[in-house]
Number of protein chains: 2
Amino acid sequence: MGLRELKRERTRRLIADKAFELFCHRGFGRTTVEQIAAAAEVGPSTLYRYFPTKETLVLEFVEDCLMGAVVWFRGQPPVDLPDGLQAVIEHVLEELERNPDRVRAVYEMADQTPSVSAHLQELIWRFREELTEELVRRLSGPDPQLVEFTAALSAGSAMNIIETVVRMWVENPDGVEVKELARRAMSLLRGGGLPAPGDNAGHGL
Amino acid sequence: MGLRELKRERTRRLIADKAFELFCHRGFGRTTVEQIAAAAEVGPSTLYRYFPTKETLVLEFVEDCLMGAVVWFRGQPPVDLPDGLQAVIEHVLEELERNPDRVRAVYEMADQTPSVSAHLQELIWRFREELTEELVRRLSGPDPQLVEFTAALSAGSAMNIIETVVRMWVENPDGVEVKELARRAMSLLRGGGLPAPGDNAGHGL
DNA sequence: TCGATTTTGATAGTGACTACCATATGACTG
DNA sequence: CAGTCATATGGTAGTCACTATCAAAATCGA
């Protein structure tokens, strides 16, 4: 629209990029907000108007991937529940795979800095909440509590699969094919959250 | 043991209790660490020696329940994977149900304060990590990557069920029976993370 | 009781974050 | 183009969580 929105987006991107740059170079803990503001050539108060906390500067990309997938799913036509979950999972993974370095950097910072890890996990749970809400909207059933329950568990399964696949991918970038892992996870999800009775069950514990 | 360990545990409990009291009375954000230290009649530095962050003062109880269940499970004899997960889930839920008010208070604070929510979610993920580690130790298989994958997904399913049940219980304390919800979740887990094909599948989405 | 170890409390300091205000800048009207 | 309004910005001052350090006090072993 106007020139205002343009500059807003521009400075927002500038701040986030400079922040990520500094975080990768000096580490999250060794970088002060003041330094980021100086690098982006804005005042600290301006920075805080765009990003409420230091952690959001790190997690914006992941947040866009997760929440974007929910928004995308909201616009999709009705499908079966397993198909819908699979679609959401694949959508998220494809978006994340678009910037492998950024994903790895985020998880690295989360491993080193507890507060980043905490905010990352909270972001993932918020994704589950949003997805649950959408599933409830789509599901129908006589018992509303059962619908809520099923939706929450299903969304949680999707979250679970995404986190597991991404975590294994991050920890072993070259030895793991996201597509292959996702495919295995899909079959586990469809057959059940656990190894199916006739499959690889019977594992002694 | 000695008098030292005794006093240590005593002051630790004292600080945590006074903190929880103040949090419930004035709210998490309106209570300063200095006030907590004063209420427990210790210096702020002493408080920080026992609790690294303000949030840990809120979450100690939940952490004990979750991590205690993993430790308990570690001492259990080998069982089938679904049975083991069910046992862990029930153990956690029973421990949480022992102090309903405390659980509700924690979730209330988490809903009001983002940082508390973030640390709660991170705690839950740490529970998943610990459980995954124990499952890997117990599981056997030719492909170590598949073992890791199965363990992580299974532990995630347990985490998912616990969080879903507890959340519904907290949001509707009188209308939800934890035992009943847990039973439904168990059958969902055993039959699959999603409604089984012959059960309540076919929901339009 | 004496010496070694641990626990405590106080002090000073860093840095994230907030509230507030004066200024500047893009947007709309005559 | 001039004037006016809404919004964005930067600076200041302040709160509070948290850290580092160190001397004093409490506890333990002999």
(message) Taking the side chain as everything from C-beta on, heavy atoms only, tell me whether B:Val58 gets closer than 4.5 Å to B:Leu120.
(response) no

(message) What I want to check is whether an N or O donor and acceptor connect the side chain of A:Arg8 with the base of D:dT9 at under 3.5 Å.
(response) no

(message) For a quick test of reading the model: is some side-chain N or O of A:Thr46 closer than 4.0 Å to OP1 or OP2 of D:dG10?
(response) yes

(request) Please report, rounded to the nearest Å, how far the P atom of D:dG11 is from the CZ atom of A:Arg49. (result) 12 Å

(request) Scan B:Thr31 against the nucleic acid and name what it touches under 4.0 Å (heavy atoms): base, sugar-phosphate only, or nothing. (result) sugar-phosphate

(request) Figure out the CG/P separation between A:Leu3 and C:dC28, and round it to whole Å. (result) 11 Å

(message) Is it the case that the side chain of A:His119 and the backbone of A:Ser115 share a donor-acceptor pair, with hydrogens and angles ignored and the cut-off at 3.5 Å?
(response) yes

(request) Find out whether B:Leu93 and B:Trp169 are in side-chain contact, i.e. whether some heavy atom of one side chain is under 4.5 Å from a heavy atom of the other. (result) no

(message) Distance check needed: C:dA16 P versus A:Leu22 CG, whole Å only.
(response) 12 Å

(message) Need one value for A:Tyr50: base, sugar-phosphate or nothing, where a base atom within 4.0 Å counts as base even if backbone is also close, heavy atoms only.
(response) sugar-phosphate

(message) Check whether B:Thr113 reaches the backbone of B:Ala110 with its side chain - one donor and one acceptor, N or O, closer than 3.5 Å.
(response) no

(message) What is the separation between atom CD on A:Glu34 and atom C1' on C:dA16, rounded to the nearest whole Å?
(response) 11 Å

(request) Give the rounded distance in Å between these two atoms: CG of B:Leu57 and C1' of D:dC18. (result) 13 Å

(request) Take the protein atom OH of B:Tyr48 and the nucleotide atom C1' of C:dT14, then report the distance between them rounded to whole Å. (result) 13 Å

(message) In the structure I gave you, are the side-chain heavy atoms of A:Glu41 and A:Lys18 within less than 4.5 Å of one another anywhere?
(response) no

(request) Using the closest heavy atom to pick a nucleotide of DNA chain C for each, name whichever of B:Lys7 or A:Gly29 lands nearer the 5' end. (result) B:Lys7

(message) Would you say B:Lys54 places a side-chain N or O within less than 4.0 Å of OP1 or OP2 belonging to D:dC18?
(response) no

(request) Could you state the atom-to-atom distance from NE2 of A:His119 to C1' of C:dA16 in whole Å? (result) 12 Å

(request) Measure from the side chain of B:Glu55, starting at C-beta and using heavy atoms only, and say which of D:dT21, D:dC18, D:dA6 lies closest. (result) D:dC18

(request) Report the distance from atom CD of B:Glu5 to atom C1' of D:dA26, rounded to the nearest whole Å. (result) 15 Å

(message) Classify B:Thr32 by what it touches in the nucleic acid, base, sugar-phosphate, or nothing, heavy-atom distance under 4.0 Å.
(response) sugar-phosphate

